[in-house]
Amino acid sequence: MEAARSQITQGALDAIFNDPERLEREFPVPICQCVQIKALGNPSADGAPERYRIVLSDIKNFVQSMLATQANHVVHEGKLKKGSFVRLKQYQANAVKGKRILIILGIEVIEELGECEKIGDPKGLEVKEEQDVKPANTTIAGNGFYGNKPQQPPAQDRALPSRTGPTSSASTHGTIYPIEGLSPYANKWTIKARVTNKSEIRTWHKQNSEGKLFSVNLLDETGEIKATGFNDQCDMLYDVFQEGSVYYISSPCRVQLAKKQFSNINNDYELTFERDTQVEKADDQDNVPQVRYNFTTVGDLQTIDKDSTIDVVGVLKEVGEMSQIVSKSTQKPYEKRDLTLVDDTGFSVKMTIWGKTAQSFDADPESIVAFKGAKVSDFGGRSLSLLSSGSMTVNPDIPEAHKLKGWYDAQGRTGTFNSHSNMASAGGAGGRQDQTKTVAQVKDENLGMSENTDYFTTKGTIVYIKQDNVSYPACLNEGCNKKVTDMGDGTWRCEKCDQTHPKPEHRYIMSLNVNDHTGQLWLSCFDDVGRMIMGMTADQLMELRETDQTALERAFEDANCKTLVFRCRAKMDTYQDQQKVRYQVMNASPINYTAEAHKLAELIKAYNVD
DNA sequence: CCCCCCCC
């Protein structure tokens, strides 16, 4: 306890609210005791994020605090307890109806100090009288933006109020409110936010009304929110806002429930500018993030409803040419460009970008590209279309992008990818895709025995790969794939192309024995599926056969026991007077556990009797 | 108070 007492920065809480110069000088990183924790509301009931209210003491004073949801992990990890000691790494001082509240954005529990009873007898924080009587959005000397940027040394990134003199714009705005804390119940507030997207001006004409509007997406350290200006506010504010710049925006301004179906932004509320809403460009354009993502993987798109809006990051696999389409509803022409994205789920997806974004697109293939605000369509299983309220960033400096780059360089570049068009539907009736069948169902239903070709999907495990005739030497010409003959003089002849080649390209023709809990099937597959299963080209495998038997055996061992989803064609075949159903693998893909879990949940639901 | 985001 004495060790803890000596570490606590006594007087820091008072300095945070009343004496920014002293705060900067003496308390770069305040250390406090957490003397109370309380969970607010019921997170499971409405899906709202859980909130924690804590009380912090520096022995001299205590202050009510809220953990921003980004700081909740210290509670979830069991680190922050009543009596713990903490470093305040990032925070914002706020006044809500005259009450002082500290919003904690970044916190670290000093675990080696353990927990103990409340030290001393801290007093409620007294606030200087002149500040107390003034509303939060009028001039309060030294009450600017207190937030520190995370993951940077504290000495550099404290945006301290002492830097903003009494005449600077920050000082005219009183306490800065976190976007995350905005609600219809917030009284007087100012946010400091970056405009991450600004729309064009749009007009509408209906029987009862007409007018114009524009909207901006606003972002700070804690969250994002959409704001719209109608008519007079549109005229007044449209030119004030520049995309990418940081502004102070102060009430009066309407905060209302967001219509989620029209927003690509993660906030229950949205703003509507009013006549007296104040908007001012910030002198300090730093310390406000540029973009905030909530990524969905390419593989998980299957589980996302059509028309949802998502963020995605992927490797740019293909860049299509510019083209023009004419809207069916408006007859207007639109410029577009199709991109193909892949990620480490082993899936690929088409992303369409529009207009200027499409025209000026010049990212190189294999770049990492992050998209915010893309609409999910079910064309081709799943495809994406970048909304005008969305954004695209090439090679963003974010962990997800670095991870993808690492994966791509290590293995993704040589991988094959599944498009969603080949996937089985995630259970449920009425899907256009063929149904997933067990091996027993494939046999019982006599798939492939009729005149028509049957298609099915089955989930199974490879238990054996036939090792002889695993591949054949094929023509080198693009798209030919015909077997070539070894001429014995070092050349290989293709009858179809009437050409000889110095070497063939080996292509897989594999026979797989695939099992599930109901039985086994022999499936045959060609080169693309063979590559995925073996993790190498048939040329590479043939090379091993010549040079390294041990490695060859290991390659087959590694490929064995993979559980995959196989999309197959079942067709009657006559071979040496015998009629037999041949099962040809069209496509195989790794199990997408999210989709699989949904499918199983649907199955379980079917057993519910109510 | 809008809410369109296009085509195959």
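The sequence lines fix the lettering, A, B, ..., with proteins before strands; numbering per chain opens at 1. Computed from heavy atoms alone, side chains included, the values below leave out hydrogens, waters and symmetry copies.
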Need one value for [X]: base, sugar-phosphate or nothing, where a base atom within 4.0 Å counts as base even if backbone is also close, heavy atoms only.
| X | result |
| --- | --- |
| A:Glu270 | base |
| A:Ser388 | base |
| A:Ser323 | nothing |
| A:Lys350 | base |
| A:Asn208 | nothing |

Is [X] near enough to [N] that one of its side-chain N or O atoms lies under 4.0 angstrom from OP1 or OP2?
| X | N | answer |
| --- | --- | --- |
| A:Ser209 | B:dC2 | yes |
| A:Lys332 | B:dC5 | no |
| A:Thr228 | B:dC1 | no |
| A:Lys206 | B:dC4 | no |
| A:Lys336 | B:dC8 | no |

According to the interplanar angle, ranging from 0 to 90°, do the rings of A:Tyr247 and A:Phe241 count as parallel (below 30°), tilted (30 to 60°) or perpendicular (above 60°)?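 Rings of A:Tyr247 and A:Phe241: perpendicular, over 60°.
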For A:Ile179 versus A:Asp220, what's the shortest heavy-atom pair and its separation? N-OD2, 2.9 Å
Round to a whole Å and report the spacing from [atom1] of [X] to [atom2] of [N].
| X | N | atom1 | atom2 | answer |
| --- | --- | --- | --- | --- |
| A:Phe273 | B:dC1 | CZ | P | 16 Å |
| A:Glu274 | B:dC1 | CD | P | 13 Å |
| A:Phe262 | B:dC2 | CZ | C1' | 8 Å |
| A:Lys375 | B:dC5 | NZ | C1' | 7 Å |
| A:Gln256 | B:dC2 | CD | P | 11 Å |
| A:Lys198 | B:dC5 | NZ | P | 23 Å |
| A:Asp307 | B:dC4 | CG | P | 11 Å |
| A:Lys259 | B:dC4 | NZ | P | 11 Å |

Of the listed nucleotides [options], the one nearest the side chain of [X]:
| X | options | value |
| --- | --- | --- |
| A:Arg202 | B:dC8, B:dC3, B:dC6 | B:dC3 |
| A:Ser383 | B:dC8, B:dC7, B:dC1 | B:dC8 |
| A:Thr352 | B:dC6, B:dC7, B:dC8 | B:dC7 |

Just checking, A:Lys198 and A:Tyr238: is the charged tip under 6.0 Å from the six-membered ring centre and within 45° of the axis?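 The answer is yes; both the distance and angle limits are met.
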Is there a stack between A:Trp204 and B:dC1, judged by ring centres under 5.5 Å and planes under 30°? no
Is there aromatic stacking of A:Phe230 on B:dC1 here, judged by a ring-centre distance under 5.5 Å and a plane angle under 30°?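 One would call A:Phe230 stacked on the B:dC1 base.
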In terms of side-chain geometry, is the basic nitrogen of A:Lys336 or A:Asp338 positioned less than 4.0 Å from the acidic oxygen of its partner?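 Judged by the 4.0 Å cut-off on N to carboxylate O distance, A:Lys336 and A:Asp338 do form a salt bridge.
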Do A:Arg292 and A:Asp311 meet the salt-bridge criterion of a basic N to acidic O distance under 4.0 Å?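 A:Arg292 and A:Asp311: not salt-bridged.
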Just so I know, are the side chains of A:Phe566 and A:Leu512 near enough to count as touching, which here means a heavy-atom distance under 4.5 Å?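 Contact flag for A:Phe566/A:Leu512 side chains = yes.
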